[in-house]
Amino acid sequence: MITQYTADTVMLASKNFSPGWFAWIIIGGLAGWIASKIMGTDKSQGIILNVVVGCVGGWLGGYVLRLFDVQTGGFGWFLTFVTALVGACILLFVVKLVTGRKG
């Protein structure tokens with residue numbers, strides 16, 4: 001009886017789970033770092049800029065997905081990370097385009 005209650009509670013908690021600000025910084029940092037490797041800007045960026053690029057990229061990617069009515073909440077961490085990664089790559093591409101830098 002207690003095991004079933006615990007399992008039901010864990011399932012309900014995981015269904016309504018939302019990452020906190022610290023998790024968003026971790027996801028943003030990883031996404032920003034990988035995006036900077038993909039876009040060839042890693043040598044000119046530090047850890048703080050990677051986190052900022054990843055977080056802004058996640059916001060940008062989430063905004064674009066909302067325009068197309070795509071809900072990312074049901075897919076959990078994976079789609080959140082992919083959204084931040086793609087958004088960060090787009091952000092770095094635009095910055096390189098505007099500034100005229102090669103890498």
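Just so you know, these numbers use all the heavy atoms, side chains as well, and skip hydrogens, waters and symmetry mates. Each residue takes its place number in the sequence, starting with 1.
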| field | Minimum-distance pair of heavy atoms, taken over all atoms of A88 and G54 | value |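 Looking at all heavy atoms of both residues, the shortest contact is CB-CA, 4.2 Å.
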| said: How close do M39 and K96 get, counting heavy atoms only, and between which atoms? | reply: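 Residues M39 and K96, closest heavy atoms: O-NZ, 2.7 Å.
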| said: Show, in sequence, the C-alpha distance, side-chain angles and deciding distance for I34 and F81, and conclude whether the side-chain contact (heavy atoms from CB on, under 4.5 Å) test is met. | reply: CA-CA 11 Å; I34 293 172; F81 176 74; 3.6 Å; yes
Distance in Å, [X] [atom1] paired with [Y] [atom2], rounded so as to fall on 0.5 Å steps:
{"X": "L79", "Y": "L85", "atom1": "CG", "atom2": "CG", "answer": "11.5 Å"}
{"X": "T80", "Y": "L65", "atom1": "OG1", "atom2": "CG", "answer": "10.0 Å"}
{"X": "W33", "Y": "I38", "atom1": "CH2", "atom2": "CD1", "answer": "10.5 Å"}
{"X": "F78", "Y": "T83", "atom1": "CZ", "atom2": "OG1", "answer": "9.5 Å"}
{"X": "C55", "Y": "N50", "atom1": "SG", "atom2": "CG", "answer": "10.5 Å"}
{"X": "L92", "Y": "K37", "atom1": "CG", "atom2": "NZ", "answer": "13.0 Å"}

| said: A side-chain contact here means heavy atoms from C-beta on lying under 4.5 Å apart; do S36 and V53 qualify? | reply: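 No, side chains not in contact.
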| Taking atom CG of L67 as the centre, does the number of heavy atoms from other residues, nucleotides or ligands within less than 6.0 Å exceed 12? |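 Buried by this count: over 12 neighbours within 6.0 Å.
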